[in-house]
Protein chains: 2
Amino acid sequence: MTEAVTTTLNHETRLHEDDHHSIKLWLRLLTCSSLVETRLRGALREEFDTTLPRFDFLAQLERVPDGLTMGELSRRLMVSGGNISGISAQLVREGLVDRSPVPENRRMFMVKLTPKGRRAFAKMAQQHEEWVIGLLGHLSRDEADQLMHLLERVKQGL
Amino acid sequence: MTEAVTTTLNHETRLHEDDHHSIKLWLRLLTCSSLVETRLRGALREEFDTTLPRFDFLAQLERVPDGLTMGELSRRLMVSGGNISGISAQLVREGLVDRSPVPENRRMFMVKLTPKGRRAFAKMAQQHEEWVIGLLGHLSRDEADQLMHLLERVKQGL
DNA sequence: GCTTCATATTTTAAACGTAAAATGTTTGCG
DNA sequence: CGCAAACATTTTACGTTTAAAATATGAAGC
């Protein structure tokens with residue numbers, strides 16, 4: 001079973017004709033992000049045999065050469081601390097990140113990319129961007145700007 | 001990267017200053033739908049002790065009195081078939097849905113709401129709509145229309 | 001009737017996610 | 001100092017999700 005997403009159907013089929021604007025909007029938002037996420041997940045698995053959470057983990061580290069603590073990673077990735085422990089254990093095992101105690105505070109660990117991790121992420125990030133452009137790049141510059149702005153408005157209201 | 005400094009971190013912290021439009025757009029889309037999803041999930045658990053996937057599952061059935069097959073549910077909800085098997089087993093066990101073999105094609109099962117399921121969903125759906133309005137309702141009619149249209153354009157390109 | 005291929009669903013294994021308890025460390029305060 | 005509270009992380013137990021393999025049925029051609 002490798003399906004789940006096919007031709008036309010999606011969350012919006014949940015609606016009756018007369019349902020309200022906010023619900024419609026929410027379902028369309030959900031449809032769009034689910035579709036993009038599903039495709040990115042599949043491509044990452046196919047091409048690099050990795051997952052979205054792991055990609056995100058590396059992406060956070062990539063922009064902070066000095067590294068991040070477990071707790072900071074947890075906050076930035078918006079997932080629980082226990083989850084960070086697990087994912088970082090994987091990535092350490094694979095040699096993509098380094099996890100070493102912080103001398104000044106022995107409760108903490110500093111996590112950073114290894115050179116190998118940096119190389120691996122660079123490759124993935126480039127492909128990733130191309131995939132995203134392939135998925136969203138058909139919007140005109142103007143449409144993209146508008147959408148960006150409207151989503152910012154949505155975010156504000158949350 | 002304004003948000004990186006604040007306490008309200010989100011997916012967009014993944015970005016460098018000079019990253020490209022499509023990626024920015026995708027991360028903002030993801031941020032918005034994640035935020036809404038998280039809140040709805042929490043509210044559903046708190047108020048009705050249920051989950052978003054189960055609510056969505058019932059919502060799909062509610063608008064199709066004759067029921068849907070497992071495969072159709074999988075396509076509409078955009079989740080894997082294995083997942084549908086699991087969720088439907090739960091809901092059958094709780095008496096909210098009925099799942100019976102299709103005589104004409106013995107590979108399939110037809111799933112429909114039970115009266116109990118219909119009553120339970122009706123209660124939840126009203127609350128759910130109020131929550132969504134609370135989350136997205138601050139947009140003007142005009143903004144909502146524009147956003148709706150732009151997301152439709154995104155969907156088309158996928 | 002076979003064989004082959006497609007379809008519908010279930011099962012399985014692994015990744016991911018959370019919450020809560022456990023462990024070890026630091027901080028603050030009487 | 002000594003002790004309690006806060007903090008950072010790990011561990012444990014459990015639920016969800018996916019991809020992939022397995023199972024079962026149907027359809028089409030010879």
Side-chain angles (χ1 to χ4, degrees), chain A residues 1-7 9 30 33-58 67-94 96-97 99-111, chain B residues 11 34 37-42 44-46 49-57 67-94 97 99-111:
Chain A
M1 254 282 160
T2 316
E3 61 1 71
V5 177
T6 61
T7 52
L9 297 167
L30 180 56
S33 70
S34 298
L35 282 173
V36 173
E37 199 172 325
T38 299
R39 309 245 182 140
L40 289 179
R41 189 202 318 284
L44 277 173
R45 169 158 307 285
E46 184 126 340
E47 204 72 33
F48 298 111
D49 194 36
T50 191
T51 64
L52 212 39
R54 287 160 47 139
F55 179 81
D56 289 348
F57 191 110
L58 296 178
L68 294 168
T69 64
M70 306 292 277
E72 265 200 275
L73 277 163
S74 168
R75 282 188 290 282
R76 293 199 184 212
L77 293 169
M78 303 192 286
V79 298
S80 68
N83 193 1
I84 295 296
S85 290
I87 294 178
S88 88
Q90 284 179 25
L91 296 174
V92 166
R93 201 180 318 123
E94 296 168 22
L96 300 180
V97 313
R99 177 176 167 287
S100 41
V102 173
E104 307 86 50
N105 187 334
R106 293 185 315 188
R107 290 173 298 185
M108 301 189 195
F109 293 90
M110 192 61 75
V111 181
Chain B
H11 291 283
S34 297
E37 200 173 323
T38 299
R39 310 245 181 138
L40 288 180
R41 190 192 308 283
L44 277 173
R45 166 147 316 282
E46 184 125 339
D49 192 36
T50 190
T51 65
L52 204 42
R54 287 161 48 134
F55 178 82
D56 289 348
F57 192 111
L68 294 168
T69 64
M70 306 292 276
E72 264 198 277
L73 279 163
S74 167
R75 283 187 290 280
R76 293 197 185 212
L77 294 168
M78 301 193 287
V79 299
S80 70
N83 193 0
I84 295 296
S85 290
I87 295 177
S88 86
Q90 285 179 22
L91 295 175
V92 167
R93 201 181 316 123
E94 296 168 25
V97 313
R99 176 177 170 287
S100 41
V102 172
E104 308 85 49
N105 187 333
R106 292 184 316 188
R107 290 173 298 183
M108 301 189 193
F109 293 92
M110 191 60 75
V111 182

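Quick caveat, the model's predicted, so the values are computed rather than measured. Sequence lines set the chain letters: A, B, ... in the order given, protein chains first and strands last, and positions in each chain run from 1.
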Strictly under 4.0 angstrom, non-hydrogen atoms only: write out the protein contact profile of nucleotides 12-17 of chain D, one letter per nucleotide from the 5' end, B, S or -. ----SS

Mind checking if Gly81(A) touches a base, just sugar-phosphate, or nothing, with heavy atoms under 4.0 Å? base

NA contact type, Ser74(A), heavy-atom cut-off 4.0 Å: base, sugar-phosphate, or nothing?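 No contact.
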
When rounded to the nearest 0.5 angstrom, what is the spacing between [atom1] in [X] and [atom2] in [Y]?
X: Arg39(A); Y: Glu46(A); atom1: CZ; atom2: CD; value: 13.0 Å
X: Leu77(B); Y: Asp56(B); atom1: CG; atom2: CG; value: 6.0 Å
X: Leu68(B); Y: Arg76(B); atom1: CG; atom2: CZ; value: 5.0 Å
X: Thr51(A); Y: Leu40(A); atom1: OG1; atom2: CG; value: 12.5 Å

Show every donor-acceptor pair shorter than 3.5 Å between a side-chain atom in residues 81-92 of chain A and any protein atom, with sequence neighbours excluded, or say none if there are none.
| residue | atom | partner | partner atom | Å |
| --- | --- | --- | --- | --- |
| Ser88(A) | OG | Ile84(A) | O | 3.4 |
| Ser88(A) | OG | Ser85(A) | O | 3.4 |
| Gln90(A) | OE1 | Arg54(A) | NH1 | 2.7 |

Of all the heavy-atom pairs spanning Val111(A) and Phe57(A), show the shortest one and how long it is.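 Scanning both residues, the minimum pair turns out to be CG1-CE2, 4.2 Å.
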
Interatomic distance, [X] [atom1] vs [N] [atom2] [rounded to whole Å]:
X: Leu68(A); N: dT9(D); atom1: CG; atom2: P; value: 11 Å
X: Met110(A); N: dA8(D); atom1: CE; atom2: C1'; value: 12 Å
X: Met108(B); N: dA27(D); atom1: CE; atom2: C1'; value: 12 Å
X: Met70(A); N: dT23(C); atom1: CE; atom2: P; value: 19 Å
X: Leu52(A); N: dG17(C); atom1: CG; atom2: C1'; value: 14 Å
X: Phe48(A); N: dA19(D); atom1: CZ; atom2: C1'; value: 19 Å

With sequence neighbours excluded, residues passing side-chain hydrogen bond (donor to acceptor under 3.5 Å, both in side chains) with Thr69(B): none

With sequence neighbours left out, the residues meeting salt bridge (Lys or Arg N to Asp or Glu O under 4.0 Å) with Arg41(A) are Glu37(A)

Quick one: side-chain hydrogen bond (donor to acceptor under 3.5 Å, both in side chains) pairs with a partner in residues 101-110 of chain A, sequence neighbours left out?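 Matches after skipping sequence neighbours: Asn105(A)-Arg107(A).
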
Can you give me the N/O atom pairs linking the protein to nucleotides 24-26 of chain C at distances under 3.5 Å, or say none if there are none?
| residue | atom | partner | partner atom | Å |
| --- | --- | --- | --- | --- |
| dT25(C) | O2 | Arg107(A) | NH1 | 3.4 |
| dT26(C) | OP1 | Arg106(A) | N | 3.1 |

